[in-house]
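Heads up, the thing below is written out as structure tokens.
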Amino acid sequence: MSFKLKKGKKKIHIIVGARPNFMKMAPLYKEFAKFPEEFEIKLIHTGQHYDERMSKFFFDDLQMPKPDEYLEVGSGTHGKQTAKIMERYEKILLKDKPDLVIVAGDVNSTSACAIDAVKLHIPVAHLEAGLRSFARSMPEEINRILTDAISDYLLTPSPDGDENLLVEGIPKEKIFFVGNIMIDSLIQYKDKAMKSNILSRINIDSTQDYALITLHRPSNVDNREGLLIILNAFEEISKSINLIFPIHPRTTKQIQAFDLEDKVKNMKNLHLIPPVGYYDFLKLQMGAKFILTDSGGIQEESTYFGIPCLTLRPNTERPITITEGTNTLVKLNTVDIINESQNILSGNIKKGNIPKYWDGKTAERIVKIFRIK
Ligand code: UD1
Ligand code: UDP
């Protein structure tokens, strides 16, 4: 190990910024909080996501306290957003001098805060380390590679993560296979989620089948042609099954920019709704016939639930959801998306298993690593 964490009580910063960070950090925050003599925990929210439905809803559902620091960086180009996070977080680091910074996933907040910390010689732990799509055109892949290269503790969700890191020359002693922490939240809240009345709130007859959709990757929604390929497929699929589509703000913006609002509104069985909270979304996943998505986390949650997932991407950084779970990649092609959906509707349902250490105990395993006296 290139450093040792100091002995005695440790001050730790937990960084959140965007929607997929909240359900990963909530269980970790709570596990550290069980040992107040050993850890002082501060929750830092960069403000990368800021709409109530992309942020506050999750603090409520996941029973998280208000952040100790809120950096209010908001949206912007990659350079602008990253720079704002780095400038604002550095000030907090200089003032607060934590002993460890923990970042999660692959969003801009992840790499920006990690870079800030290592340059001040503060150790960094990366939660969800080692995942690779091998597509450097994705901003997330750049964030993953950068963060892993400079982190001191690489906490991986699946063995493929360990393998990728070893190939990149990361020393074995830095790598810890801890399991999938999103599943900690899912297990903790799935009973509460079962009680959500989201279907009646959006006027869906709960006896009818539906497929659930999410879409927000720039490669799918930031050009009109690609977005049309997908919407044309939805149009056709919606003739056979209800589609429920909690729409990401990026996608709403692009549908407006490309003048596609009427096309979406005119699909009779497409139920377009604003982004929903964590319980509501888990409930929608559990009841879905299948899921169409380009999300990272939803590939994993659907594998846990055993619900077929069609991932509208040419690659995934989460290959275990394909080899062990219920996930299938589908090319950006209207016919392929329709055929794969029809395949499921005609009863060809991919069965899967729950991968090792997706067991609700990942936060426990992580905190153990840091409980060195
Ligand atoms: C970000 C992450 C992506 C992650 C996704 C999860 C990066 C590079 N991307 O993508 O990896 O999968 O979050 O949802 O970090 N917007 C709002 N309200 C908000 C947040 C965003 O209206 O609360 C709109 C803004 O117009 C903004 C756009 O969405 O420009 C994109 O937001 P941004 O955080 O840059 O990227 P995401 O697409 O959300
Ligand atoms: N999610 C949610 N409401 C929604 C859409 C997603 O609660 O309307 C949850 C979902 O259950 C998962 C996480 O958000 O836990 C995934 O986040 P997202 O797809 O935004 O990011 P990604 O995982 O692709 O980075």
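Counting starts at 1 for both ligands and their atoms, following the listed order. The figures here come from the full heavy-atom set of this structure, side chains too, leaving out hydrogens, waters and symmetry mates.
Ligand 2 lies within reach of H216, whose nearest heavy atom is under 4.0 Å from it. Residue contacts with ligand 2 include M182, since one or more of its heavy atoms lies under 4.0 Å from the ligand. In this structure, G296 falls outside the shell of residues with a heavy atom less than 4.0 angstrom from ligand 1. By the 4.0 Å heavy-atom criterion, F58 is counted among the residues contacting ligand 2. Heavy atoms of G277 come nearer than 4.0 angstrom to ligand 2 in at least one pair.
In terms of protein heavy-atom proximity, atom 38 (O) of ligand 1 is nearest to R250 NE, 2.6 Å. Closest protein heavy atom to atom 24 (C) of ligand 1: P249 CB, 3.8 Å. Nearest to atom 20 (C) of ligand 1 among the protein's heavy atoms is H49 CD2, 3.4 Å. Atom 17 (C) of ligand 1 has its closest protein heavy atom at Y50 OH, 3.2 Å.
Contacts with ligand 2 closer than 4.0 Å are made by side-chain heavy atoms of Q285 only, the backbone lying farther away. Residue M54 touches ligand 1 through its side chain alone, judged by heavy-atom distances below 4.0 Å. Of all the heavy atoms of P20, the ones lying under 4.0 Å from any atom of ligand 1 belong exclusively to the side chain. Contact annotation: for R53 versus ligand 2, there are no heavy atoms closer than 4.0 Å. Only the side chain of R217 comes within 4.0 Å of ligand 2, judged by heavy-atom distances. At a 4.0 Å heavy-atom cut-off, ligand 1 touches E140 through the side chain alone.
Note: F245 and F234 have perpendicular aromatic rings, judged against thresholds of 30 and 60 degrees for the angle between ring planes. The aromatic rings of F39 and F32 sit perpendicular to each other, their planes meeting at more than 60°, with 30° as the lower class boundary.
For ligand 2, none of its N or O atoms has an N or O atom of M23 under 3.5 Å away. Backbone and side-chain nitrogen or oxygen atoms of D294 are examined, and none is located within less than 3.5 angstrom of a nitrogen or oxygen of ligand 2. Backbone and side-chain nitrogen or oxygen atoms of H78 are examined, and none is located within less than 3.5 angstrom of a nitrogen or oxygen of ligand 1. Taking distance alone, with nitrogen or oxygen atoms compared against 3.5 Å, E301 approaches ligand 2 more closely than that limit.
Looking at K356 and E324, no side-chain N of the basic residue comes within less than 4.0 Å of a carboxylate O on the acidic one, giving no salt bridge.
Across G105, G296, P275, heavy-atom proximity to atom 22 (P) of ligand 2 is greatest for G296. For atom 4 (C) of ligand 1, the nearest non-hydrogen atom from the set H216, R53, M138 belongs to H216. Looking at A193, S295, S185 and measuring to atom 19 (O) of ligand 2, the nearest heavy atom belongs to S295. For atom 18 (P) of ligand 2, the candidate residues are E300, R19, H49; the nearest heavy-atom contact is made by R19.
Ring centroids of H45 and F22 are separated by less than 6.0 Å, placing the two rings close together. The aromatic ring centroids of Y189 and Y279 lie less than 6.0 Å from each other.
Remark: ligand 2 atoms within the under-4.0 Å shell around heavy atoms of Y278 are 7 (O), 15 (O). In summary, the atoms of ligand 2 found under 4.0 Å from a heavy atom of P246, numbered by their order in the structure, are 8 (O). Short contacts between ligand 1 and R217, defined as distances under 4.0 Å to a heavy atom of the residue, involve ligand atoms 11 (O), 12 (O).
Not one N or O on the side chain of S109 forms a donor-acceptor pair closer than 3.5 Å with the backbone of V16.
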